[in-house]
Enquirer: 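The structure under discussion is supplied below as structure tokens; questions concerning it will follow.
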Amino acid sequence: MTAILQTTLSSLARALVQQGHLMEDEAEAMANHGAKSSSGFVDQLIISGRMKPHEIASFAASTFGYPLLDIAAFDMTRMTSGTIDRKLMQMHQVLALTRRGNRIAVALADPTNLSALDEIRFQTGLVVDPVVVESDKLATLVASYLLPAASLNEFTREDLHLEFEDAAVKEAAIQADNLDIDDAPVVKFLQKILHDAITEGASDIHFEPYEKYYRIRYRTDGVLREIAQPPLVVKEKIASRIKVVSRLDISEKRIPQDGRMKLVLSKNKSIDFRVSTLPTLYGEKIVMRVLDASAALLGIDALGYEPDQREAMLTAINRPYGMVLVTGPTGSGKTVSLYTCLNLLNKPGVNISTAEDPAEINLPGVNQVNINEKAGLSFTAALKSFLRQDPDIIMVGEIRDLETAEISIKAAQTGHLVLSTVHTNDAPTTLSRMLNMGIAAFNIASSVILITAQRLARRLCSCKLPLSIPTEALLQAGFTAEELDGSWQHYGPGGCELCKGSGYKGRVGIYQVMPISEEIGRLIMTGGNAMDIADQARREGVRDLRQSGLLKVKQGITSLEEVLACTND
């Protein structure tokens with residue numbers, strides 16, 4: 001190792017070079033860029049795409065012998081507060097976890113960051129024990145922690161009791177459009193709502209005005225839950241603030257509007273929100289969809305595919321041409337599945353273009369187009385343009401009509417890989433839907449190479465409890481007598497602080513992955529219906545959604561109740 005390497009690189013960077021994860025010049029470039037931008041070496045390593053946060057954390061913990069902690073599972077009520085200066089927390093992205101005597105456990109992504117450790121030691125006068133955590137999860141918690149400590153209810157009772165004592169006076173001011181939309185309490189309250197939604201893993205935030213009350217709800221793991229009821233008189237202020245940040249017209253309250261906003265959590269972590277407004281009887285309802293691009297970067301292993309399903313999917317997307325379709329209802333994770341595939345295919349030598357309505361996840365290296373029907377930019381128009389742009393891979397947000405379907409199929413038949421979604425219940429009915437659109441059977445058989453149907457089921461929390469379920473109920477659910485041999489245990493939801501008593505934490509995909517074999521292609525050509533195709537797929541070993549869900553039950557990942565709720569017989 002050269003003297004330059006020893007003097008310019010941190011211990012973490014030096015170890016990565018020594019163990020062959022990075023070239024020396026790459027590590028030096030990242031270290032120099034991190035120093036110039038004040039983002040740090042770990043941030044640059046993640047931005048470059050060379051390593052993911054969990055890979056860096058595992059490497060640092062094992063190499064330097066420090067404990068590794070999943071900070072998302074840490075009970076934040078036990079956290080030592082007020083010990084480390086807030087500026088130090090922000091600058092170095094650190095959190096004080098616990099204190100015992102003259103020692104303090106500090107969470108950070110790079111345990112060899114001597115500058116951060118020395119400053120904490122000097123400021124606190126304590127011995128610092130580093131604990132390694134994933135940088136993305138840490139950034140979210142630091143940002144959340146640095147917000148005002150008040151709970152939502154405290155904001156509701158105190159901060160949001162604004163200058164208008166009388167509701168009628170306030171309403172008059174609202175009608176006159178005299179409200180200051182940058183009112184600090186409303187801004188802080190909205191920031192708290194957004195940060196809490198991200199921390200809790202919510203997928204949507206609902207702001208709902210009614211005649212006598214105003215409520216805010218999160219959709220977490222597919223279930224809506226009320227989290228606050230601010231005073232009714234602030235509904236206009238909250239709506240105006242959201243619309244301003246989302247670049248919407250705050251004076252237009254009669255028609256629906258769609259926009260987008262970004263919340264920056266740290267130098268290399270930001271969350272986008274898709275904003276939709278809808279006029280109702282008592283004001284504008286606003287729904288914000290949380291668009292976390294990191295979900296699409298977790299890799300195909302994190303989605304929940306079984307090994308044979310994953311292999312079939314990878315084989316299909318690595319074909320040079322053909323069409324891969326993902327189907328399922330709204331909110332079933334189709335976009336994340338498609339972007340996970342695109343991320344695997346996203347290489348310097350590949351030209352990828354997508355047409356979406358709208359683009360939900362930003363993926364560097366992919367040419368993304370937002371559909372704008374009013375301006376004449378439809379899926380059809382975008383596809384026609386793509387084919388003149390020398391594409392290798394095309395992703396169409398949704399096949400809605402015959403013209404879009406025909407152009408997509410033509411692209412798949414002429415040397416392009418096409419990925420898209422269709423709204424159907426399962427894989428076999430997708431083929432019937434395409435036939436009903438008016439697409440010729442021979443075009444479907446010659447272009448579609450794989451269809452995957454999916455649902456999202458809630459994942460059991462670590463507090464799950466063993467259950468005893470009658471054999472008759474298990475047989476009725478779809479288990480075979482051979483599977484009920486007593487070699488596995490059923491589990492149901494428990495309830496703890498981590499899952500907030502629901503017994504579920506996170507979601508897992510349930511899939512039906514159906515490659516289009518020669519026999520299935522022959523059935524399509526000879527006019528076979530969805531039932532014929534499903535029977536043939538079953539003979540070829542393709543599990544339907546219910547069977548895939550029951551496999552997750554056997555593995556202890558989810559409950560039988562959850563599988564029955566999200567799959568059909």
Side-chain angles (χ1 to χ4, degrees), residues 296 298-328 332-347 349-354 363 366 383 386 391-399 405 408-424 426-434 439 442-455 509-525 533-534 536-545 547-548:
L298 294 175
I300 197 166
D301 293 332
L303 297 182
Y305 287 98
E306 299 301 329
D308 59 326
Q309 295 175 332
R310 182 176 64 246
E311 186 62 32
M313 175 64 88
L314 291 175
T315 299
I317 65 173
N318 282 292
R319 294 265 294 269
Y321 58 87
M323 179 181 284
V324 175
L325 296 174
V326 179
T327 184
S332 60
K334 298 188 296 295
T335 300
V336 170
S337 292
L338 284 176
Y339 266 93
T340 299
C341 294
L342 288 181
N343 191 50
L344 292 172
L345 299 169
N346 187 15
K347 297 172 184 175
V350 179
N351 181 17
I352 303 176
S353 296
T354 74
L363 195 59
V366 174
L383 279 169
F386 288 169
D392 297 302
I393 299 167
I394 296 171
M395 195 269 270
V396 185
E398 182 184 349
I399 293 179
S408 300
I409 283 177
K410 184 184 292 183
Q413 291 172 332
T414 55
H416 307 91
L417 179 66
V418 179
L419 310 178
S420 189
T421 69
V422 182
H423 282 278
T424 54
D426 59 15
T429 56
T430 302
L431 297 170
S432 298
R433 169 74 191 281
M434 296 183 77
I439 304 169
F442 67 86
N443 278 333
I444 298 173
S446 63
S447 60
V448 179
I449 55 177
L450 180 138
I451 302 173
T452 175
Q454 65 183 74
R455 300 288 188 276
I510 295 175
Y511 302 92
Q512 178 186 28
V513 179
M514 186 179 80
I516 306 303
S517 64
E518 289 186 11
E519 188 56 41
I520 291 177
R522 193 174 295 112
L523 278 173
I524 298 169
M525 295 284 288
I533 295 169
Q536 178 59 32
R538 194 175 300 112
R539 286 192 290 271
E540 294 176 7
V542 175
R543 289 184 294 276
D544 62 22
L545 288 166
Q547 291 169 333
S548 294

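Note that the numbering runs from 1 along the sequence shown for the chain. These numbers come from a predicted model, not from an experiment.
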Enquirer: D392: what forms a side-chain contact (heavy atoms from CB on, under 4.5 Å) with it, not counting sequence neighbours?
Expert: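 Expected list: V350, N351.
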
Enquirer: For S420, enumerate each residue passing the side-chain hydrogen bond (donor to acceptor under 3.5 Å, both in side chains) test, keeping only those at least two apart in sequence or located in another chain.
Expert: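 Residues passing side-chain hydrogen bond (donor to acceptor under 3.5 Å, both in side chains) with S420: none at all.
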
Enquirer: Check whether any side-chain heavy atom of C341 lies under 4.5 Å from a side-chain heavy atom of M313, and answer yes or no.
Expert: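 A side-chain contact exists here, since the closest heavy-atom pair is under 4.5 Å.
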
Enquirer: In Å, rounded to the nearest 0.5 Å, how long is the span from OG1 of T340 to CG of L345?
Expert: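 Rounded to the nearest 0.5 Å, the OG1-CG separation comes out at 11.0 Å.
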
Enquirer: Could I get the full list of side-chain contact (heavy atoms from CB on, under 4.5 Å) partners for T327, not counting sequence neighbours?
Expert: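 By the side-chain contact (heavy atoms from CB on, under 4.5 Å) rule, T327 matches T424, T430, I451, A453.
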
Enquirer: Quick check: does any side chain N or O of Q512 sit under 3.5 Å from a backbone N or O of T452, one acting as donor and the other as acceptor?
Expert: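 Flag not set: sc Q512 to bb T452 has no pair under 3.5 Å.
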
Enquirer: Scan residues 310-325 for pairs that pass side-chain hydrogen bond (donor to acceptor under 3.5 Å, both in side chains), counting only residues two or more places apart or in two chains.
Expert: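 Output for this query lists D301-R310.
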
Enquirer: List the residues meeting side-chain contact (heavy atoms from CB on, under 4.5 Å) with Q536, not counting sequence neighbours, and say none if there are none.
Expert: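 Q536 satisfies side-chain contact (heavy atoms from CB on, under 4.5 Å) with E519, I520, L523, R539, E540 once adjacent residues are dropped.
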
Enquirer: For residues H416 and P391, report the shortest heavy-atom separation together with the two atoms involved.
Expert: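 Closest approach of H416 to P391: CD2-O, 3.0 Å.
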
Enquirer: Evaluate the side chain to side chain contact (heavy atoms under 4.5 Å, CB included) criterion for residues N346 and V366: first the C-alpha distance (whole Å), next the side-chain angles of each, then the deciding distance (0.1 Å), finally the verdict.
Expert: CA-CA 7 Å; N346 187 15; V366 174; 4.0 Å; yes

Enquirer: In Å and rounded to the nearest 0.5 Å, what is the OG to CD1 distance from S332 to I510?
Expert: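 Interatomic distance, S332 OG to I510 CD1, rounded to 0.5 Å: 11.5 Å.
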
Enquirer: Between L417 and I394, does a side chain to side chain contact (heavy atoms under 4.5 Å, CB included) hold up when you go through it step by step?
Expert: CA-CA 6 Å; L417 179 66; I394 296 171; over 6 Å; no

Enquirer: Using the test side-chain contact (heavy atoms from CB on, under 4.5 Å), find all partners of S432 that sit at least two apart in sequence or belong to another chain.
Expert: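 Partners of S432 by the side-chain contact (heavy atoms from CB on, under 4.5 Å) criterion, ordered by chain and then number, come out as A530.
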
Enquirer: Test of understanding: with ring pair (Phe, Tyr, Trp, His ring centres under 6.0 Å), list the residues that count as partners of Y511, not counting sequence neighbours.
Expert: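 Y305.
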
Enquirer: State, with a plain yes or no, whether a side-chain heavy atom of M323 is found less than 4.5 Å away from one of I449.
Expert: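 When only atoms from C-beta onward are counted, I449 and M323 do not touch, as no gap falls below 4.5 Å.
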
Enquirer: Could you pull out all residues at least two apart from R543 that satisfy side-chain hydrogen bond (donor to acceptor under 3.5 Å, both in side chains)?
Expert: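 side-chain hydrogen bond (donor to acceptor under 3.5 Å, both in side chains) check on R543 returns D308.
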
Enquirer: State, yes or no, whether a side-chain contact exists between M395 and I352 at a heavy-atom distance under 4.5 Å.
Expert: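 Answer no - side chains too far apart.
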
Enquirer: Would you name the heavy atoms of T421 and G397 that are closest together and state the gap between them?
Expert: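 Minimum heavy-atom contact is OG1-O, 2.6 Å.
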
Enquirer: Answer yes if the side chains of S548 and Q309 hold a donor-acceptor pair under 3.5 Å, and no otherwise.
Expert: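 Their side chains do contain a donor-acceptor pair, which is all the 3.5 Å distance test asks for.
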
Enquirer: Partners of S408 by side-chain hydrogen bond (donor to acceptor under 3.5 Å, both in side chains), sequence neighbours excluded?
Expert: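 For S408 there are no side-chain hydrogen bond (donor to acceptor under 3.5 Å, both in side chains) partners, ignoring immediate neighbours.
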
Enquirer: Is there a side-chain contact between D544 and D426 (heavy atoms, below 4.5 Å)?
Expert: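 The answer is no; the side chains never approach within 4.5 Å.
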
Enquirer: By the definition side chain to side chain contact (heavy atoms under 4.5 Å, CB included), identify the one residue from R433, M434, M514 that meets it with L325.
Expert: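 When side chain to side chain contact (heavy atoms under 4.5 Å, CB included) is applied between L325 and each of R433, M434, M514, only M434 qualifies.
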
Enquirer: Heavy atoms only: give me the nearest V418-A412 pair and the separation to one decimal.
Expert: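 Heavy atoms only, the tightest pair is CG2-N, 3.8 Å.
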
Enquirer: Do L383 and V396 make a side-chain contact, defined as non-hydrogen atoms from C-beta onward lying under 4.5 Å apart?
Expert: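 The answer is yes, as the side chains (C-beta and beyond) meet within the 4.5 Å cut-off.
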
Enquirer: Taking all atoms of both residues into account, what is the closest heavy-atom pair of G328 and K334, and its distance?
Expert: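 Residues G328 and K334, closest heavy atoms: O-NZ, 3.0 Å.
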
Enquirer: Check I393, L450, L342, L344 against I317 for a side chain to side chain contact (heavy atoms under 4.5 Å, CB included) and give me the one that passes.
Expert: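 Testing I317 for a side chain to side chain contact (heavy atoms under 4.5 Å, CB included) against I393, L450, L342, L344 leaves exactly one candidate, L344.
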
Enquirer: Would you say the side chain of V326 lies within less than 4.5 Å of the side chain of L419, judging by non-hydrogen atoms?
Expert: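 No, side chains not in contact.
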
Enquirer: Can you name the side-chain hydrogen bond (donor to acceptor under 3.5 Å, both in side chains) partners of Q454, sequence neighbours left out?
Expert: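 S337.
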
Enquirer: Report yes if the side chains of Y339 and T335 come closer than 4.5 Å at any heavy-atom pair, otherwise no.
Expert: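 Answer yes - side chains close enough.
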
